[in-house]
Amino acid sequence: MPDVPAPDAPDADPNALDGDPAATSDDGDPTPPIPYRYEPDATAAVLHAEHDGLEPGTETGRTVTVAGRLMLRRVQGKLAFGTLDDGSGRIQLFAPKASTPDFERFTHLAIGDWIGVTGEVMTTRRGELSVRVDGWTLLAPTRRQFPDKWHGLTDTDVRYRQRYVDLWVTEEARRVLLLRSRLVSLTRRWLEDRDFVEVETPLLHPIPGGALAKPFTTHHNALDTDLYLRIAPELYLKRLVVGGFPRVFEIGRVFRNEGLSTRHNPEFTMLELYQAYADYGDIMRLTEELVAHLARELCGTTVLTYGGRELDLTPPWRRARLADLVEEQTGLALSLDQPIEELRAAAAEFEVTVPDDAGPGKILLEIYEKTTEGEMWGPVFVIDYPQEVSPLARPHRERAGEVERFEAIVAGRELANAFSELTDPVDQRARFEDQARQKDAGDEEAMVVDDDYVRALEYGLPPTGGLGIGIDRLVMLLADQSSIRDVLLFPTLRPEAPGS
RNA sequence: GCGCCUCUAGCUCAACGGCAGAGCAAUGGACUCUUAAUCCACAGGUUGGGGGUUCGAAUCCCCCGGGGCGCACCA
């Protein structure tokens, strides 16, 4: 960006026009130039907050400058009204011909034009808080017609592709995306208050790891090497615990090369945190407290409505073992110890297809996901997963074949995934090698051996609890949205066809 | 990837085998307290694209493209 010239002397009008005076409109009338800068000194939200409840016909004597988009216009002969939206809210413009410079041009502004207005704050005879137009400036003409002022945009394709229009005309879109912003901000503050340090780790990974997922592949020319967009920050964050940061977190984008749906976008935002000296029980308490805090701050209560159904996020959340939940749902008591033929038979009964080489843990998890996960309204902490499907989690302190892992299920969906982290480098290498065998056998989502991560564990990772929360899904819950695309500013879509 | 639905004016929608229409927006006009202002006038289209059936296709059939929902996969 070029250097910005110093502002004019303090007594100069900051909003004086400055530009090409020779510009003309199509019909040959001279058109005032578009200024290079503008200084609004009030917003619609602040004006409403400070002047609400004035008697009709009040003149406050206060002159303000506001700027935004003209959303509505009501011209009535020698008097015009406008509705200006400045992003904070809406404020009425009151424009009598007598006080409004260039009145004829003002009444011909297009809906969607950006304008700046200076004038006295007043109320009309009907009591509507307004800014009288004593001066105004066109800041950007719109060259495209705005959507219907009443119906707005309903075509979801257009809403997602042209979010710059949607945000003006769809109040709900703005509400949800502001809620998202506040949620991320509140999360940061809450974690920082608990001595967590925010870090940024690589998005380009030489070895994809930290989750079971298909990565995007890219190539670095100078290094002449393939790199992967990260599927999870997990392994880097635990390296940082080894490196002497006992409480770290990262809120960032991860990428998974899988299908799209109302619950899946190829890139999404994950919160991951790691806390030294903690186990998964500590992380459960942290999770329910964080989510309850966000619900209270953003929704005013921990008892929400999601999709028309009550959702009570008040801690403590239920804790239940995975196998017990499957039994609750299906009436079938399954265990990792029973003969694998019985597990296979159970899978077949529920029409769950499992790979031929799947062990009991994989089969049990598949049955759980097919029969139980989506049925649980929650919130519930599903605890104690099979080790076979949890290559980064520490073995259960009491139950052989299981690990200390939980997923938080809310509204039938996974909101969080966490465990007591595996700290033993020997065990970790063995788990990686087992994963690598599965990958060689054709499992595209299996992990590969990350030698450097094992080396880091060899230097010593203390007992550590880790957590991953899908921020998009959390926003969906708190904003009562059923599609992930509605909580993303620019969801991934097929590229627009040329010329369409 | 598979199945179902959908695409008509800038926007929101009608017309469902027989002349492509309305509201809002736009354009011109009337109107000094409106609130989606109102009233009068006027303009606006390769009915997503291509092919077929038919005397006649927005409408029925096929192919292609975009989107939505469901399934599959995942978080």
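Throughout, a chain's letter reflects where its sequence line sits, starting with A, and its residues are numbered from 1. Note that this is a predicted model, so its numbers are computed, not measured.
- Within the shown strands, rG10(B) is the pairing partner of rC24(B) under the Watson-Crick or G-U definition, both distances less than 3.5 Å.
- R125(A) has no carboxylate O lying under 4.0 Å from a charged side-chain N of E55(A), or vice versa, which leaves the two without a salt bridge.
- The side chain of I111(A) sits closest to rA26(B) out of rG68(B), rA26(B), rC69(B).
- Across all strands, N265(A) comes closer than 4.0 Å to base atoms (heavy-atom distances).
- Residue contacts for T154(A): at a heavy-atom cut-off of 4.0 Å it reaches the sugar-phosphate backbone alone, with no base atom in range.
- Within 4.0 Å of Q92(A), counting heavy atoms only, lies at least one base atom of the nucleic acid.
- Only the C1' atoms considered, rC11(B) is 27 Å distant from rC64(B), to the nearest whole Å.
- In this structure, rG56(B) makes no Watson-Crick or G-U wobble pair, since no nucleotide meets both defining distances under 3.5 angstrom.
- Remark: rC16(B) base-pairs with no nucleotide in the shown strands. Criterion, Watson-Crick or G-U wobble with two distances under 3.5 Å.
- Taking the side chain of R485(A) as heavy atoms from C-beta on, and the options rG68(B), rG23(B), rA25(B), the nearest nucleotide is rG68(B).
- Under a 4.0 Å N-O distance rule, the pair R69(A)/D85(A) does not qualify as a salt bridge.
- Here, rA43(B) and rC2(B) have their P atoms 48 Å apart, quoted to the whole Å.
- Contacts of R143(A) with the nucleic acid, taken as non-hydrogen atoms under 4.0 Å apart, are absent.
- For R73(A) and rC24(B), the shortest distance from a side-chain N or O to OP1 or OP2 is not below 4.0 Å.
- The gap from the P atom of rG50(B) to that of rA58(B) amounts to 12 Å, rounded to the nearest Å.
- Here L415(A) lies out of heavy-atom contact (under 4.0 Å) with every strand.
- Nucleotides rG67(B) and rG23(B), compared at atom P, are 33 Å apart to the nearest Å.
- Pairing of rU35(B), defined by two Watson-Crick or G-U wobble distances under 3.5 Å, is not identified with any nucleotide.
- Of the candidate nucleotides rC33(B), rG65(B), rC24(B), rC24(B) has the atom lying nearest to any side-chain atom of D148(A).
- Comparing rU35(B), rC24(B), rG65(B) by their nearest atom to the side chain of K149(A) picks out rC24(B).
- Across all strands shown, R263(A) has heavy atoms under 4.0 Å from base atoms, whether or not it also approaches the sugar-phosphate.
- An OP1 or OP2 oxygen of rA26(B) is reached within less than 4.0 angstrom by no side-chain nitrogen or oxygen of R144(A).
- With both ends at atom C1', the span from rU59(B) to rG21(B) equals 15 Å, rounded to whole Å.
- For rG56(B) and rA20(B), the P atoms lie 15 Å apart once the distance is rounded to whole Å.
- In the set rA37(B), rC33(B), rA36(B), rC33(B) carries the atom at the smallest distance from any side-chain atom of F94(A).
- Between K78(A) and R256(A), the residue anchored nearer the 5' end of RNA chain B, judged by the nucleotide with its closest heavy atom, is K78(A).
- Q76(A) comes within 4.0 angstrom of a nucleotide base, judged by non-hydrogen atoms across all strands.
- A donor-acceptor contact shorter than 3.5 Å links the side chain of R163(A) to the backbone of L488(A).
- In the set rA37(B), rU32(B), rA72(B), rU32(B) carries the atom at the smallest distance from any side-chain atom of L79(A).
- The same atom, C1', is picked in rC55(B) and in rU12(B); the two are 36 Å apart, to the nearest Å.
- Closest to the side chain of D157(A), from the set rG66(B), rC73(B), rC33(B), is rG66(B).
- Nucleotide rG45(B) forms no Watson-Crick or G-U wobble pair with any nucleotide shown, as no partner meets the under 3.5 Å limit on both distances.
- Ion pair E414(A)/R473(A) not flagged as a salt bridge, since none of the NZ, NE, NH1 or NH2 atoms sits closer than 4.0 Å to an Asp/Glu carboxylate oxygen.
- For the pair R175(A) and E172(A), the salt-bridge criterion is met [side-chain N within less than 4.0 Å of a carboxylate O].
- As judged by a 4.0 angstrom heavy-atom cut-off over every strand, V254(A) is placed among residues making no nucleic acid contact.
- Counting non-hydrogen atoms under 4.0 angstrom, T262(A) reaches the backbone sugars and phosphates but no base.
- Comparing the C1' positions of rG65(B) and rG48(B) gives a spacing of 7 Å, expressed to the nearest Å.
- Residue R132(A) is out of contact with every strand shown, counting any heavy-atom pair closer than 4.0 Å.
- A salt bridge links R230(A) with E250(A): at least one charged nitrogen is closer than 4.0 Å to a carboxylate oxygen.
- Counting any heavy atom pair closer than 4.0 Å across all strands shown, L153(A) reaches sugar-phosphate atoms only and no base atom.
- Residue E444(A) places its CD atom among 12 or fewer non-hydrogen atoms of other residues, nucleotides or ligands, all under 6.0 Å distant.
- Using a 4.0 Å heavy-atom criterion, one finds that N417(A) contacts no nucleic acid atom at all.
- The phosphate of rA25(B) (OP1 or OP2) has no side-chain N or O of H151(A) nearer than 4.0 angstrom.
- Of the candidates rC31(B), rA26(B), rC11(B), the closest approach to any side-chain atom of V75(A) belongs to rC31(B).
- The stacking criteria are not both satisfied for F81(A) over the base of rA37(B), which would need a centre-to-centre distance under 5.5 angstrom and an angle between ring planes under 30 degrees.
- For K370(A) and L212(A), each mapped to the nucleotide of RNA chain B holding its nearest heavy atom, the one lying further toward the 5' end belongs to K370(A).
- Base pairing analysis places rG1(B) opposite rC71(B); the two distances defining the Watson-Crick or G-U wobble pair are each below 3.5 Å.
- Note that the CD atom of E402(A) and the OH atom of Y385(A) stand 11.5 Å from one another [nearest 0.5 Å].
- Within 4.0 Å (heavy atoms only), G152(A) reaches sugar-phosphate atoms of the nucleic acid but no base atom.
- With salt bridges taken as basic N to acidic carboxylate O contacts below 4.0 Å, one links R188(A) and E198(A).
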